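Report on one structure; see the data block that follows.
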Number of protein chains: 2
Amino acid sequence: MSTTPNTQPEPLSPISRRRLLGTAGAVGAAGLVAGGAAGAYASETARSEPDPLSSLGSTAEPFHGDHQAGITTPLQAHGHLVALDLAPGADRKAAAALLRRWSKTAEELTAGRAPADDTGIALDAGPASLTVTFGFGRTFFGKVGLKDRLPEALAPLPDFSADALDPRRSNGDLWLQIGANDGLVAFHALRALQREARGAARVRWQMNGFNRTPGATSRPMTARNLMGQIDGTNNPKPTDDDFDQRVFVPAKGQPAWMAGGSYAVVRRIRMLLDSWDHLSPERQEKVIGRRKSDGAPLSGGTETTPVRLDKVNADGSLAIAGDAHVRVAAPASNQGAAMLRRPFSYHDGFREDGAPDAGLLFIAWQADPMKGFVPVQRKLDRGDGLSRFLRHEASALFAVPGGCVPGEYVGQALLEG
Amino acid sequence: MSTTPNTQPEPLSPISRRRLLGTAGAVGAAGLVAGGAAGAYASETARSEPDPLSSLGSTAEPFHGDHQAGITTPLQAHGHLVALDLAPGADRKAAAALLRRWSKTAEELTAGRAPADDTGIALDAGPASLTVTFGFGRTFFGKVGLKDRLPEALAPLPDFSADALDPRRSNGDLWLQIGANDGLVAFHALRALQREARGAARVRWQMNGFNRTPGATSRPMTARNLMGQIDGTNNPKPTDDDFDQRVFVPAKGQPAWMAGGSYAVVRRIRMLLDSWDHLSPERQEKVIGRRKSDGAPLSGGTETTPVRLDKVNADGSLAIAGDAHVRVAAPASNQGAAMLRRPFSYHDGFREDGAPDAGLLFIAWQADPMKGFVPVQRKLDRGDGLSRFLRHEASALFAVPGGCVPGEYVGQALLEG
């Protein structure tokens, strides 16, 4: 690699990252704006010195910690979801070696460093908030002789009446969630991790998604989905007293190897956008129970005002309709069940029938799917007015172990414990 | 729409845009950084006032002008290419009405305004450098009784030996190129323009692409493609004396309705990335003729140093190999032929054979394809060492008329002249 020196900026320490986003933000972001305006013509604006203050690119998410990254990380502009199946004959040792390689590669890339033998696809980029999250599917455990460690919570999701699931795009032994604020950084990570899997596992399915580009909207980055609806307002918040309890398996939870981990429900939910767009905005808002413009509940207030399910209009009708999505999904309607939704939108062109192949890569995080996704989806499946505009086309559930400390790898407690 | 007020910031005048990118940049971008760090949890950081200085979102590209936008516009992070065929029976009048509707919608959206009956998909976004570019394919002219106005330059592209073209993803009566720095803004524009076409034309093919996110890299934004190679260094530059002559049909050119217009060659070029990544970086650089790290030619210098095709190494070998891509594509090797390449990368997951369905949505702009793409591609087809890592899978050529002034629409001189 003598002719391809690593021109990437040094990874930022947590302190310098905070600085960049805090008091030094104005300076850093001025560099960013200049970069954005530089245009397609390199020769006009070529500079020999890299600009270390290009904050979107240089922002690094920590790889190590109690929890894996990519769960409470702010939404990223680009995402790849990949499920892999173990190669025939791959055993526990091979799986452990794969997870070790993967963790090493993810650690390097998320810090903005090039792993050994890097392909150089994203040279000159910083980490751009890259995260890599690893999970295990139910089928993994039997194949590597670890059936005794299969978590109860990883029981197959129940069938829902509206499901039309494609098994080829559902489930999988292993799962990768890759997110970054730059498309090339995300693609590079995907390629690097796929390369590490060669011989040990092969891709079962892969889905690409996106969210708003940081800075594209002056709103805080609550997701707006392809229906135009603000999505995620009622998410549990890290500042909530019960956030950790809802989202993460406790330190002394079961199984022990899942301490600090979470369960990810992944659903590919196609939106029937042509039908949806035929509704008037007023009708759309009744289906959801929130205003489209700002996400405020139809029971009044602003986006963050708690939804008042009992509010009655002057004419005696419910402000939030009986089958409104926010009513049926509300914790109050589900014995307090809640999950952290952290989705990507997807758009894969159009289908044979001319409809857009587009919708939501729904990803929900919870300490126990039976107290999160399952009861809420059971309720939605029966009573949600939004359901007729949605098609659940793929589904998976993964056990996502806790984070690791330097020198260890994700899943080590499962594979070597 | 009474319950869905337009919360978008006012479109920026060219002056305020310049201000934003100049002296006021530091302040604006500080807001941007804060937005980027705000995260997925709206309620923690909700602000009632929109921040008008979120520069990535609020940057507007002018819709009106001598040339259409999207040709010399800096590369955008998200792109959609769409070809449509006229509905059976659609005549010149119907086509004119469609182009009028499209221009109106594009004018509104690119200024950050919501058209009448907007679906609200991207509410609260600014224009995020949205551009919409309209083109006509060869088949358009016969269908609307305008065969006498078919430009000579719109002759079918010749066959190339390495072509493996899918006719279902090639050509088309009409072409839209949509680009923006936010995925939802681009998707929204696509949906809005498709809606305007209903009854008049239907989608023939659609492709989605991406480039770096502004600010992701501290380098000026020369494209880096999925091979990791810097791409576009040798592009004609707007500061070149002959830039307009190469890229745009002159004011008194033929046909008259194409004054200020350009011809777009669109090729879907899949990259055989698994084979490519098996090469050592040194071998990759020999195939291209440039260093991977910084794009400098192997004949020495920096990215912008002119390539010295005659440079000989100490051992007597050519510094730039005989079949190196930069040699075969160089204007000096092609009687001065040159074109403005302005591509998007694409990545549509993986193919049945396990290879990535990924590569380049190659878009080349020139005043005359016979003095741009055609002679260069003839040469590449025979002698380019890079060809064996590429598959040209789709192809199209479109006449892209000049820009319009307020009150007119793109293509008016063709359809009403």
Side-chain angles (χ1 to χ4, degrees), chain A residues 1 3-5 7 21 25-26 29-30 32-33 35-43 45-46 50-51 54-57 74-75 119-121 123-125 128 181-184 187 203 206 210 212-222 228 233 237 277 281 291-293 303-304 347 349-350, chain B residues 1 3-5 7 21 25-26 29-30 32-33 35-43 45-46 50-51 54-57 74-75 119-121 123-125 128 181-184 187 203 206 210 212-222 224 228 233 237 277 281 291-293 304 347 349-350:
Chain A
M1 295 274 288
T3 56
T4 56
T7 60
L21 301 174
L32 187 156
V33 170
Y41 308 105
S43 61
T45 49
D51 171 2
S54 173
S55 68
L56 185 137
L75 296 175
T119 58
I121 294 174
L123 275 175
D124 71 41
N181 279 326
D182 178 63
L184 203 60
F187 181 80
V203 174
Q206 190 214 303
F210 65 98
R212 312 306 295 259
T213 305
T217 163
S218 53
R219 290 181 54 84
M221 286 188 58
T222 313
T233 306
K237 289 146 197 77
D277 289 348
R291 281 210 304 252
K292 202 165 182 177
S293 59
E303 179 189 344
T304 53
H347 171 217
F350 67 108
Chain B
M1 295 272 288
T3 55
T4 57
T7 59
L21 300 175
L32 187 154
V33 171
Y41 308 104
S43 60
T45 50
D51 171 3
S54 173
S55 66
L56 186 140
L75 296 176
T119 57
I121 294 174
L123 274 176
D124 71 40
N181 280 326
D182 178 63
L184 203 60
F187 181 81
V203 174
Q206 191 215 305
F210 65 98
R212 313 304 296 260
T213 305
T217 163
S218 53
R219 289 183 56 82
M221 285 187 60
T222 313
R224 199 180 274 279
T233 305
K237 289 143 197 80
D277 289 348
R291 278 211 304 254
K292 202 165 183 178
S293 58
T304 54
H347 171 218
F350 68 108

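Lettering of chains follows the sequences in order, A, B, ..., and the numbering in each one begins at 1. This one's a predicted model, so the numbers in the text were calculated from it and none came from an experiment.
- Here OG1 of A/Thr213 is found 4.5 Å from CG of B/Asp182. Values are rounded to the nearest 0.5 Å.
- Here the side chains of B/Asp124 and A/Arg212 are in contact, with some heavy-atom distance below 4.5 Å.
- In terms of modelled atom types and a separation under 3.5 Å, the side chain of A/Lys292 and the main chain of B/Ile121 share no donor-acceptor contact.
- Atoms CG and CZ, from A/Leu184 and B/Arg224 in turn, are 8.0 Å apart once rounded to the nearest 0.5 Å.
- A tilted orientation is assigned to the rings of B/Phe187 and A/Phe210, their planes being inclined by 30° to 60°.
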